Amino acid sequence: MNSDNVKVNLLDFDRAAMAAWFEARGEKPFRARQVLKWIHQQGVDSFDAMTNLGKALRTALESVAEVRALDVATDRKSSDGSRKWLFRLADGNCIESVYIPEPERATLCISSQIGCALNCSFCSTARQGYNRNLSTAEIIGQLWMVSRLLREDGSVPVSNVVFMGMGEPLLNFDNVIRATRLMQDDFAYALSKRRVTLSTAGVVPGLRQLAEVTDISLALSLHAPDDKLRSELVPLNKKYAIREVLQACTDYVGEGRRRVTIEYVMLDGVNDSDKQAKALARLLRRVPSKVNLIPFNPFPNTRYRRSCAERIDRFRDILHHAGIVTITRRTRGDDIEAACGQLAGDFRDRTRRRERLAVEVNGELI
Ligand code: SAH
């Protein structure tokens, strides 16, 4: 045991890290694969249950390592079958994950950070401020816990993972990538590259780096066809403008990674006009892409409203006519605040954004 009694959390290790760890302990690297399978495929968190390891090894592991996932703070089921968990982390902060079963697949929407630093004006996570990056164990721990809970229930297992919960995944690059390696690993979750999607607000250096290390699917939160409006909605746009972001996405998907999903939240009277649909179509002409229109999900004290269904249909039709595959994302789980942009978690804000916003709301600046 380490002198300070802190055990290694094996959920932090992808296969390479696990193999290196076993090797450093004088064990054969294949132990890594055995242990990965027990942990991620069988949902096991006790070494005693790992019956193909000798008793001596199990005892040795027990004294230095553990499989420490997350505590369930709340577990809510929507009338539409989706389910949202609030997970409590060791430091007391809470994050959210959402399970969305559909006829063809079951998607888990996971968080990559506690809160978010990007402050997009239409997102409720932004209101909560930011605390810190999640560790690899806390990211994969969401999938590990949910898979275990679904198994207990006899529910359909997770077939797809999307990084569309709290946080900006490209600002937590290394931990997110390590977690995606486990998702894709045949000895862990064995999800194909099409079934793991990273959604970003457009962190260009992160996109460039991503192309070098992975082939997972990519979604871009675009939300506006011009820089002026996009900078209002997604302040990160002031740093990385639309053209540069779309170029980075095009380069990423260019190398056999199919198409980037363009996410576009439909805000009444803000970004949903015919003119804006046409401008969006022009912008995407040379980007291998498909568009996901997301009806805005309201939250308290927001100045935005959802575009009406007719407007969304008309916007979609304009994109269709321009030859762009466009679907409208069905709102799921809104009765349990589990819909896109409604994830709020429960954590200490280090940015004091919440306090500043409270002042603005009371002063009716919002
Ligand atoms: N930071 C990443 C991932 C988290 S957001 C990103 O920006 O892509 C996941 C998706 O939900 C994004 O497309 C985001 O723009 C969208 N979203 C945020 N708030 C929303 C709201 N109130 N209604 C609908 N979609 C929202």
Side-chain angles (χ1 to χ4, degrees), residues 82 84 95-98 100 107-130 133-134 139 142 160-173 176 179-180 196-204 206-207 210 216-224 229-237 239-240 242 245-246 248-249 252 260-268 270-272 289-307 312 327-334 337-345 366:
S82 55
K84 179 173 83 166
I95 54 162
E96 294 186 318
S97 316
V98 181
I100 309 146
T107 303
L108 183 67
C109 176
I110 62 172
S111 298
S112 57
Q113 299 182 308
I114 304 176
C116 190
L118 294 185
N119 210 11
C120 297
S121 61
F122 53 88
C123 180
S124 86
T125 301
R127 291 293 170 85
Q128 301 278 304
Y130 173 74
N133 278 333
L134 295 179
I139 298 169
Q142 297 168 65
N160 293 59
V161 176
V162 294
F163 281 87
M164 294 184 190
M166 298 162 67
E168 169 49 51
L170 291 182
L171 293 180
N172 184 13
F173 195 89
V176 163
T180 64
V196 179
T197 302
L198 183 148
S199 176
T200 179
V203 183
V204 170
L207 281 165
L210 198 65
I216 56 174
S217 301
L218 180 65
L220 172 71
S221 293
L222 186 61
H223 308 313
L229 178 59
R230 188 164 193 266
S231 294
E232 265 172 45
L233 301 176
V234 182
L236 182 69
N237 193 70
K239 197 159 179 190
Y240 307 113
I242 292 179
V245 173
L246 285 179
C249 291
Y252 180 80
V260 54
T261 300
I262 301 292
E263 297 168 279
Y264 196 99
V265 61
M266 295 300 288
L267 304 168
D268 180 36
V270 175
N271 65 354
D272 63 349
S289 57
K290 57 185 177 204
V291 173
N292 253 358
L293 299 177
I294 313 173
F296 172 65
N297 293 310
F299 48 87
N301 289 318
T302 175
R303 70 184 115 130
Y304 299 112
R305 281 172 321 218
R306 178 185 295 184
S307 310
I312 297 176
I327 62 152
T328 303
R329 195 179 285 175
R330 201 151 61 89
T331 298
R332 299 286 301 266
D334 51 345
E337 288 87 43
C340 303
Q342 293 185 320
L343 301 192
I366 267 187

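Both ligands and their constituent atoms are indexed starting at 1 by order of listing. Predicted, not measured: the structure shown is a model, and the values here were computed from it.
The shortest non-hydrogen separation linking Cys120 to Pro235 is CA-CD, 3.9 Å. Heavy atoms only, all atoms of each residue included: Gly167 and Thr125 are closest at N-CG2, 4.4 Å. Closest approach of Leu198 and Phe163 over heavy atoms only: CA-CB, 4.1 Å.
Considering both main-chain and side-chain atoms, Ser124 never comes within under 3.5 Å of ligand 1 through any nitrogen or oxygen pair. At under 3.5 Å, not a single nitrogen or oxygen of Phe163, backbone or side chain, sits near a nitrogen or oxygen of ligand 1. Where the criterion is an N or O separation shorter than 3.5 Å, residue side chain and backbone included, Cys116 fails it with respect to ligand 1. Ligand 1 has no nitrogen or oxygen under 3.5 angstrom from a nitrogen or oxygen of Arg329.
Nearest to atom 10 (C) of ligand 1 by heavy atom, out of Arg306, Met266, Glu263, is Glu263. Of the candidates Ser221, Ser111, Ala201, the one placing a heavy atom closest to atom 8 (O) of ligand 1 is Ser221. Across Ser199, Gly165, Cys123, heavy-atom proximity to atom 4 (C) of ligand 1 is greatest for Gly165.
Inspection of the Glu168 and Thr200 side chains reveals an N or O donor paired with an N or O acceptor under 3.5 Å. Side-chain contact, Ser231 with Asn237: a donor N or O sits under 3.5 Å from an acceptor N or O.
Among residues two or more places apart in sequence or in another chain, the ring pair (Phe, Tyr, Trp, His ring centres under 6.0 Å) test is passed with Tyr264 by Phe315.
Residue contacts with ligand 1: His223 is included, with a non-hydrogen atom under 4.0 Å away. Contact annotation: Pro298 has no heavy atom less than 4.0 Å from any atom of ligand 1. Note on ligand 1: Ser112 sits outside its first shell, no heavy atom being nearer than 4.0 Å.
The residue Val234 has no part lying near ligand 1, judged by heavy-atom distances below 4.0 Å.
No donor-acceptor pair closer than 3.5 Å links the side chain of Arg306 to the backbone N or O of Pro298.
Below 4.0 Å from some heavy atom of Asn297 lie the following atoms of ligand 1, by number and element: 21 (C), 22 (N), 23 (N), 24 (C). Near Val265, meaning under 4.0 Å from one of its heavy atoms, ligand 1 places the atoms 23 (N), 24 (C), 25 (N). Counting atoms of ligand 1 from 1 in the listed order, those under 4.0 Å from a heavy atom of Gly167 are 1 (N), 2 (C), 3 (C), 4 (C).
Contact of the Met164 side chain with the Ser221 side chain is not registered, since no non-hydrogen atoms from C-beta on lie closer than 4.5 Å. With contacts defined as side-chain heavy-atom distances shorter than 4.5 Å, the pair Leu210/Phe173 qualifies.
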